[in-house]
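Here the structure comes first, spelled out in structure tokens, and everything after it is commentary.
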Amino acid sequence: MTSSPSLPYWICPELAWIDGRMHADKAIALSGDGLIEAVVTRAEVPAGQVVEDLPGAALLPGFVNAHSHAFQRVFRGQTEFLRTGAEHEDFWSWRQQMYGAAGRLDPQTTYDIARRLYAEMRAAGWTSVGEFHYVHHGADGSALSPATAMADAVIQAAVDVGLRINLLAVLYHTGGIGEPARPDQRRFISGSLWAFTSLVEALLARWGSHRLVTVGLAPHSVRAVPVDWLEALAQWNAQHHLPVHMHLCEQTAEVEASHRLLGAGPMEVVRRAGLLGPGFVAVHATHLEADDPARLANAGAMVCACPTTEANLGDGFLPASALIEAGVELCVGSDSHIVVNPFEELRLIENNERLQRRRRNVLAKFVEPAADEPDKRRVAPFLLDVGARGGARSLGLDAGEIKAGQAADLVAVSLRDAALEGVPMDFLAEALIFSADTRCVLDTWVAGVRG
Ligand SMILES: [Zn+2]
């Protein structure tokens with residue numbers, strides 16, 4: 001990592017990803033308030049300005065990690081074996097091990113784990129994170145002082161690494177639909193909706209003016225939040241307009257229980273509660289029902305895919321073709337942080353379709369060709385957009401594109417990297433999506449600050 005000149009200044013990469021393609025000879029002005037001020041040709045930079053050339057580098061909008069549980073980084077590698085006497089492992093047995101890790105956290109360990117993870121994220125090319133944060137209380141379920149201590153620790157870790165964060169405060173009340181919370185869930189539990197909105201308001205008061213910090217809502221799932229609470233939360237948010245992220249249709253057992261106990265599938269339950277709208281993000285959506293893509297599209301809602309975690313947990317496949325055909329926008333997250341690699345999350349959206357259908361370039365069918373190459377449909381530009389602009393939209397951020405007025409959140413990749421060297425400029429996006437590893441990442445900028 002290299003320190004940058006003080007703002008404002010210009011950066012001139014060898015290539016820049018602008019409007020869905022690579023351009024040579026561009027100059028990007030980073031303003032003192034952390035925004036992209038202008039994008040011009042290199043020759044148009046006014047004389048006397050501070051200019052930093054980036055030879056051998058391609059500049060892209062930074063990736064946005066829209067779904068993270070930071071603390072789950074702490075048991076990486078430690079659930080990847082069968083224990084004698086427990087030969088059937090699935091999401092639910094993994095969840096039991098995860099609760100064990102959650103039970104051992106305090107604000108300091110939470111900070112340490114998150115800081116290590118966020119440094120890993122930034123080195124991998126992510127410039128923002130949506131932290132789906134649900135460990136709010138002490139190990140016995142009692143309130144900490146201040147009540148935001150655990151969330152504060154996570155936010156402080158992001159700020160100290162220079163990663164932009166939306167703290168998605170999780171609302172969690174029941175252990176299953178209509179069931180009381182279990183003892184190992186009590187660290188997550190809000191006793192009343194008022195207690196939860198008070199926590200959110202405290203976070204907004206403490207962090208709302210920080211340049212790198214925003215706050216969102218995360219009703220955990222239909223398993224964890226009663227329907228009348230979902231309705232009340234939708235009404236509360238009509239005044240606040242915060243992004244709403246929710247685990248939805250991750251497991252068939254959740255979909256079946258929703259039908260049995262609530263009389264409709266999870267997506268329809270959320271729609272009836274008034275939560276489905278342009279600020280809503282369904283996380284996972286691996287077991288959608290036939291009408292769900294249309295429900296999401298009609299509401300302008302998004303889906304967050306977490307393909308490496310979904311593979312690791314055996315969740316199932318994102319129905320990417322159905323969602324994209326319906327017009328649902330996507331974003332990605334590294335969720336449980338088995339790996340922290342934006343290229344891999346994005347390539348799996350396409351590769352998983354190929355594996356299931358035994359065909360190639362499956363999602364390209366839904367992408368319009370550019371005017372100057374009407375015979376080519378390219379999925380890679382679409383996926384780069386999912387990773388940056390899609391993620392930014394999901395967190396309510398003005399970021400994700402290299403253009404004036406957007407946050408100066410950027411990633412530079414090395415054109416000399418072994419995976420990218422020799423690839424023609426016109427196919428660099430494809431090489432990034434299908435072949436790159438995070439070692440190609442040279443540097444990131446967040447709010448114009450390199451680090
Ligand atoms: Zn999750």
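Note that ligands are numbered from 1 as they come in the structure, with each ligand's atoms numbered from 1 the same way.
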Practice task
Tell me yes or no: between the side chains of E131 and S68, is some donor less than 3.5 Å from an acceptor?
Solution key: yes
Practice task
Just give me the atom name: the N, O or S atom of H67 closest to the Zn ion (ligand 1).
Solution key: NE2
Problem - H247 backbone or side-chain N/O/S under 2.8 Å from the Zn ion (ligand 1) - result: yes
Exercise for the section: Verify the distance test for H284 against the Zn ion (ligand 1): any N/O/S atom under 2.8 Å, yes or no. Expected result: no
Problem - Distance-only polar pair, side chains of N166 and T214, donor-acceptor under 3.5 Å - result: yes
Practice task
Tell me yes or no: between the side chains of E89 and S93, is some donor less than 3.5 Å from an acceptor?
Solution key: yes
Handout entry: Face-on cation placement of R378 at F427 ring, 6.0 Å and 45° thresholds
Key = yes
